[in-house]
Amino acid sequence: MKILVVNAGSSSLKYQLFDMDTGVVIAKGNCEKIGIDGSITHKRPGKEPYKADVALNNHDDAIALVLKLLTDPELGVLADISEIGAVGHRVAHGGERLRGSTLLDDAALAYLNSIVEINPLHGPPAIKGIEACRRKMPSVPQVGVFDTSFYSTVPEKAYIYPLPYELYEQYKIRRYGFHGTSHRYVSAAAAELAGRAYDDLKIIVCHIGNGSSITAIDHGRAVDTSMGFTPQEGLPMGTRSGTIDPTVVPYIMKKMNLTADEVEDLLNRKSGLLGVSGVSSDCRFVMEAEAKGDKRAALALDILVHYMKKIIGSYIAEMNGLDVLCFTAGIGENDADIRARVTKDMDYLGIAVDAARNEGLGRGNKGEISADGARVRTFVIPTDEEFMIAKDTYEIVTKS
Ligand code: ADP
């Protein structure tokens, strides 16, 4: 069976077509500048990428173009659209009700529409992508895979904020957690790499990219995660502040005469690595600046490492131990230096990394970097959210 995985953003739509008999991606690409002018990059393994500027007024146009290319006699990989057995959609937020991957029927879509208020950035484009696929492929099952659903096992004490309880009841303000599909994939792959049963392990996954989060998985169940009501909480990120004293918000609103939207923009787009360093949101450029002696760049990286250590330590305390520590995503997979800084002086907690193994692990490779004899096994595992979405989708449509 072929499964099409769709990740729709406000002006982009990424896709991957999986052949589930082999688990291989047979075509993938990205529609960009939807609603602005429009372009597409379409790739097939071993072939030259196809790039074109094509007017894309909306997500319907983007999906129509993707389907046209997938079945194109020259550029395509399918004889007919009917070969697509199902479509799996990446959806950031499943709210409290969508606690697992599910068929996107009218009721599920109505629920997604009802929670747009708590997911204003990612909700509307995801819904547009789903609706476009339903219109263009009416007989093909559509499945939603939610970044939040991995956290349905997090206990109340970790997801209820110590605010008036009515805020939870009335506005559903609570920790939801994000990047769940990545944490789920990486933790399962880690158990496999460790040669142990998933539900026999205490695992911490550090997903460190432009957006970053850390999740604790205790005997197969996510028990805590650093992102919260929105992806803003927790670690400092490329441009997001992560956790700060909440009183800073009203204080700067008054001091700087900012509106709610303006302060949100400051916390979301002008903080984190970019805000502290003043150099870039991209870790590579911040590191280059640090190497040239830029003190604020060095400070930005120190803060990132400090918060990572703090969260890892607190999750070890919550789980009363740790078997496996994993690094993933842009920085976690590629940046041996950040991994070395985070794991330095953690031998008290059983974490010790071998410098040669850490630096020797090539880009995009998975492997173990722990020092011999370390109590905790430390792994680097490239994430693959799309594969997880395809797998869930396949399981749902073949079971139903
Ligand atoms: P997103 O959260 O947007 O998916 P990614 O997971 O792709 O982001 O991570 C982007 C981050 O990864 C950037 O800060 C970038 O500097 C960093 N990164 C990517 N490749 C490397 C590399 N080879 N070495 C160090 N950092 C890298």
Side-chain angles (χ1 to χ4, degrees), residues 5 7-16 28 30 32 41 90-93 121-122 125-126 145 147-148 177-186 189 205-215 225-227 230-242 268-292 294 297-305 307-308 326-343 358-367 369 380-389:
V5 173
N7 182 354
S10 57
S11 65
S12 71
L13 187 143
K14 295 190 190 120
Y15 62 94
Q16 291 199 7
K28 66 177 180 179
N30 192 6
E32 288 176 292
T41 306
R90 181 186 182 182
V91 185
H93 213 313
L121 230 53
H122 300 111
V145 178
D147 279 9
T148 49
F178 297 88
H179 288 149
T181 309
S182 172
H183 288 288
R184 185 156 60 102
Y185 173 83
V186 172
V205 178
C206 304
H207 176 118
I208 313 297
N210 197 25
S212 303
S213 64
I214 301 185
T215 293
T225 190
S226 60
M227 282 180 168
T230 69
Q232 170 70 30
E233 195 184 341
L235 294 163
M237 311 181 205
T239 61
R240 293 182 207 142
S241 66
N268 239 318
R269 297 200 183 84
K270 297 180 182 145
S271 300
L273 288 179
L274 173 67
V276 177
S277 71
V279 172
S280 172
S281 62
D282 190 308
C283 194
R284 283 168 291 197
F285 298 132
V286 182
M287 290 194 119
E288 276 172 28
E290 180 195 43
K292 288 185 191 137
D294 186 319
L299 176 62
L301 296 168
D302 278 352
I303 295 172
L304 169 65
V305 168
Y307 275 84
M308 287 182 69
C326 302
F327 290 94
T328 194
I331 298 171
E333 288 166 29
N334 299 304
D335 199 328
D337 194 0
I338 291 286
R339 293 196 300 257
R341 294 188 208 189
V342 170
T343 51
N358 182 37
E359 277 150 32
L361 201 71
R363 239 191 122 177
N365 283 327
K366 78 171 165 188
I369 57 170
V380 177
I381 298 182
T383 193
D384 196 345
E385 288 153 293
E386 287 76 16
F387 174 75
M388 206 72 212
I389 295 169

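Just follow the structure's listing: the first ligand is 1, and inside any ligand the first atom is 1.
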- Taking only heavy atoms of Asp335, which atoms of ligand 1 are found under 4.0 Å from at least one of them? 25 (C)

- N or O contact, Cys283 vs ligand 1, cut-off under 3.5 Å: yes

- Which of Asp147, Thr383, Thr215, Ile214 passes side chain to side chain contact (heavy atoms under 4.5 Å, CB included) with His183? Answer is Thr215

- Query: Does an N or O from Gly330, backbone or side chain, lie closer than 3.5 Å to an N or O of ligand 1?
  - Reply: yes

- Message: Below 4.0 angstrom, counting only protein heavy atoms, does anything approach atom 4 (O) of ligand 1?
- Response: no

- A student checking ligand 1 against Ala329 at a 4.0 Å heavy-atom cut-off should list atoms 6 (O)

- Item | Side chain to side chain, Met227 and His207, heavy atoms closer than 4.5 Å | no

- Item | Side chains of Gln232 and Ser241, donor plus acceptor under 3.5 Å | yes

- Do any N/O atoms on His207 end up under 3.5 angstrom from N/O atoms on ligand 1? no

- Under 3.5 Å, side chain of Ser213 to main-chain N/O of Ser226, donor-acceptor pair present? no

- Item | Distance-only N or O hit between ligand 1 and Gly211, under 3.5 Å | yes

- Query: Where is the nearest protein heavy atom to atom 17 (C) of ligand 1: which residue, which atom, and how far?
  - Reply: Ile331 CG1, 3.6 Å

- Query: Got the closest protein heavy atom to atom 8 (O) of ligand 1, with its distance?
  - Reply: Asn210 N, 3.1 Å

- Note on the structure: atom 23 (N) of ligand 1: closest protein heavy atom, distance to 0.1 Å, is Asn334 CB, 3.3 Å

- Message: Out of Val286, Asp282, Leu273, who is nearest to atom 15 (C) of ligand 1 when you count heavy atoms only?
- Response: Asp282

- If you scan protein heavy atoms around atom 26 (N) of ligand 1, the nearest is Arg284 CG, 3.6 Å

- Query: Taking the six-membered ring for Trp, are Tyr185 and Phe387 parallel (under 30°), tilted (30 to 60°) or perpendicular (over 60°)?
  - Reply: perpendicular

- Task: Taking the side chain as every heavy atom from C-beta outward, state whether Leu301 and Arg341 have any pair of such atoms under 4.5 Å apart.
- Result: yes

- Task: Can you measure from OG (Ser182) to CG (Asp384) and round to the nearest 0.5 angstrom?
- Result: 9.5 Å

- Task: Decide, yes or no, whether a salt bridge links Asp282 with Arg284 under the criterion of side-chain N to carboxylate O below 4.0 Å.
- Result: yes

- Query: Any side-chain heavy-atom pair from Ile369 and Arg339 closer than 4.5 angstrom?
  - Reply: yes

- Check whether any heavy atom of Gly238 sits under 4.0 Å from an atom of ligand 1. no

